[in-house]
Amino acid sequence: MRFDVVTLFPEMFGIVRDLGVTGRAHTQGRWALHAWNPRDFTHDVHRTVDDRPYGGGPGMVMMAAPLADAVQAAQVARAEPAPVVLLSPTGRRFDQPLAQSMAGGAGAILICGRYEGVDQRFIDRHVTDEISLGDFVLSGGELAAMAIIDAVVRLLPGVLNDDESAIQDSFNPALSGLLDSPHYTRPEVYAGEAVPAPLLSGHHARIARWRREQSLRLTAARRPDLIERAREQGWLTAEDERFLRSLQDLH
C-alpha cells in the first residue's frame with residue numbers, strides 16, 4: 001500500500017512514517033509514504049501557491065495549477081492510478097467501514113488543503129473523493145490525512161502484533177458496529193476497585209457475554225445511533241434485545 005500526500009508541510013508526516021504501529025509497518029515495507037509539496041511545482045520566485053478569492057472575502061485560496069501538477073507527479077510515480085482524496089468539511093464522514101474499504105486497496109493520493117479552501121476547478125478536474133473527519137474545521141488537511149493513514153494502515157495484515165486486536169475494535173462488524181467493552185489489567189484491585197468477576201472466572205462463554213453486554217450498555221448510553229444501525233442490519237440477537245430492554249426497565 002502506498003499513500004501520497006500533497007501538502008505544504010511534509011515534515012508533519014514523520015509522525016506516522018516513523019513512530020508507533022504505523023512507523024514499524026513503514027520500516028517493514030508494509031506501506032509507503034511519499035510527500036509532494038505544491039511549492040515545488042510553482043514557477044515564480046516566491047513559490048506562490050495561494051491567492052485572493054474572486055468575489056472578495058477573507059483569507060486566501062489554494063491555486064489549482066500547483067496542486068494539479070503535484071497530483072500528476074504522484075500519479076506518474078505510482079505503479080497504477082490512485083484515487084485522489086481531498087480532506088474537506090464537505091466530504092463523506094470517515095468511519096471504520098471506509099477505513100476497512102481503503103485497507104483493501106492500493107492506497108490513495110491525499111490532498112491537504114490550507115487557507116480558506118482550494119480552487120473549485122482543481123476539485124472538479126482531479127478529485128475523485130472528498131472525506132471529512134467530522135463536523136469541525138481544522139487549520140489544514142494534514143491532521144485529518146494522518147488520522148486516515150493511521151486508521152487504514154493498522155488494518156493491513158500483519159501490522160498489529162495480534163490481528164485479533166483490529167477485529168475487537170469499536171465500530172468493527174465483528175462487534176456489530178458497537179463500541180468496545182471496557183478493559184482491565186493488573187493489579188486485580190486498584191484504588192479499592194476490583195476487576196469485574198466475570199473476567200476472572202476463566203469461563204470463556206461467560207466472559208464473552210459480559211463483554212457483549214458491556215458493549216451494548218456503553219453504546220446505548222453514548223451512541224444510541226449505533227444501536228439502531230446494528231438493529232437495522234440484523235446484527236442484534238434476541239438475547240441482545242432482552243438485555244437492552246432490561247436497561248430501559250432500569251430507567
Side-chain angles (χ1 to χ4, degrees), residues 1-19 22-23 25-27 29-94 98 102 105-134 136-153:
M1 169 169 286
R2 169 174 169 152
F3 281 104
D4 292 86
V5 291
V6 178
T7 171
L8 295 176
F9 301 99
E11 61 275 12
M12 291 180 66
F13 288 85
I15 294 174
V16 291
R17 184 194 62 219
D18 301 331
L19 303 178
T22 54
H26 190 271
T27 299
R30 298 184 186 277
W31 72 289
L33 175 68
H34 298 268
W36 307 84
N37 192 330
R39 294 194 189 279
D40 295 335
F41 298 88
T42 57
H43 306 286
D44 68 304
V45 66
H46 299 293
R47 304 176 75 199
T48 305
V49 294
D50 63 302
D51 208 335
R52 293 183 296 274
Y54 280 112
M60 306 289 276
V61 176
M62 293 192 76
M63 301 165 68
L67 292 172
D69 290 347
V71 167
Q72 182 179 8
Q75 293 283 26
V76 169
R78 296 178 64 97
E80 58 186 39
V84 178
V85 179
L86 175 66
L87 287 311
S88 166
T90 63
R92 168 186 173 182
R93 183 174 295 189
F94 189 71
L98 181 52
M102 292 180 69
I109 299 173
L110 305 178
I111 310 298
C112 303
R114 281 271 160 176
Y115 313 119
E116 288 299 310
V118 173
D119 191 308
Q120 185 64 39
R121 292 167 295 186
F122 167 78
I123 300 173
D124 294 341
R125 290 171 176 266
H126 299 282
V127 171
T128 59
D129 302 275
E130 295 185 49
I131 293 177
S132 169
L133 286 193
F136 56 92
V137 178
L138 297 168
S139 299
E142 284 79 10
L143 292 177
M146 285 189 278
I148 289 171
I149 291 171
D150 184 277
V152 172
V153 168

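Model, not experiment: these values are computed from the prediction.
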Side chain to side chain contact (heavy atoms under 4.5 Å, CB included) test vs Ile148 passes for just one of Val153, Ile131, Leu143, namely Ile131
Measure from the side-chain N and O atoms of Arg2 to the backbone N and O of Gly107, and report whether any donor-acceptor pair falls under 3.5 Å.
no
Less than 4.5 Å apart, any side-chain heavy atom of Val61 and any of Asp51? no
Exercise. Look at atom CG of Leu133 and say whether more than 12 heavy atoms of other residues, nucleotides or ligands are closer to it than 6.0 Å.
Key: yes
(message) Go through it in stages, so that I can follow the logic: the residues are Arg78 and Asp4, the test is side chain to side chain contact (heavy atoms under 4.5 Å, CB included), and I'd like the CA-CA distance, side-chain angles, deciding distance and then a yes or no.
(response) CA-CA 9 Å; Arg78 296 178 64 97; Asp4 292 86; 2.7 Å; yes
To the nearest 0.5 Å, atom CZ of Phe13 lies from atom CD1 of Ile149 at 5.5 Å
If we only count heavy atoms from C-beta on, is the Val85 to Asp129 side-chain gap below 4.5 Å? yes
- Query: Heavy-atom distance under 4.5 Å between the side chains of Leu8 and Met62, does that happen here?
  - Reply: yes
Notebook entry, point to check: Is any side-chain heavy atom of Trp31 closer than 4.5 Å to a side-chain heavy atom of Thr22?
Noted result: yes
All heavy atoms of Pro38 vs all of Val6, minimum pair found to be CG-CG1, 3.7 Å
Sorted by chain and residue number, the ring-ring contact (aromatic ring centres under 6.0 Å, His included) partners of Tyr115 (sequence neighbours excluded) come out as none
**Prompt:** Considering only heavy atoms from C-beta outward, does the side chain of Thr7 approach that of Arg114 to under 4.5 Å?
**Reply:** no
Of all heavy-atom pairs linking Glu116 and Pro58, the shortest is CG-O, 3.3 Å
CE of Met146 to CZ of Arg17, rounded to nearest 0.5 Å, is 11.5 Å
### Message
I'd like to know whether CZ of Arg52 has more than 12 heavy-atom contacts from other residues, nucleotides or ligands below 6.0 angstrom.
### Response
no
When every non-hydrogen atom of Phe122 is compared with those of Ala68, the smallest separation belongs to CE1-N, 3.6 Å
Do side-chain atoms of Ser132 reach the backbone of Gly134 as a donor and acceptor pair under 3.5 angstrom?
-> yes
Notebook entry, point to check: Okay, side chain of Glu142, backbone of Met12: is any donor-acceptor separation there less than 3.5 Å?
Noted result: no
Specify whether Phe41 and Trp36 have parallel, tilted or perpendicular ring planes, treating 30° as the upper limit for parallel and 60° as the lower limit for perpendicular.
tilted
Run Asp150 and Ile15 through side chain to side chain contact (heavy atoms under 4.5 Å, CB included) and show every step you take. CA-CA 10 Å; Asp150 184 277; Ile15 294 174; over 6 Å; no
Problem set entry | Ile111 side chain near His126 side chain, heavy-atom distance below 4.5 Å | no
Closest non-hydrogen atoms of Ile123 and Val118, given as atom of the first, atom of the second and distance, are CD1-O, 4.0 Å
Q) Heavy-atom count around Gln72 CD within 6.0 Å, excluding the residue itself: above 12? A) no
- [ ] Applying side chain to side chain contact (heavy atoms under 4.5 Å, CB included), run through Asp18 and His26 and close with a yes or a no.
- [x] CA-CA 7 Å; Asp18 301 331; His26 190 271; 5.6 Å; no
I want to check something: taking the side chain as every heavy atom from C-beta on, are Phe3 and Val16 in contact at a cut-off of under 4.5 Å?
no
* Determine whether more than 12 heavy atoms belonging to other residues, nucleotides or ligands lie under 6.0 Å from atom OH of Tyr54. => no
Looking only at heavy atoms, the pair that brings Ala82 and Ala108 closest together is CB-CA, 4.2 Å
Report task. Say whether, by atom type as modelled, one donor and one acceptor occur between the side chain of Thr48 and the main chain of Asp50 under 3.5 angstrom. Result -> no
**Message:** In the structure I gave you, are the side-chain heavy atoms of Leu67 and Met63 within less than 4.5 Å of one another anywhere?
**Reply:** no
Could you check whether atom CZ of Arg125 has more than 12 heavy atoms from other residues, nucleotides or ligands sitting under 6.0 Å from it? no
Between Val71 and Ile109, the two heavy atoms sitting closest are O-CD1, 4.2 Å
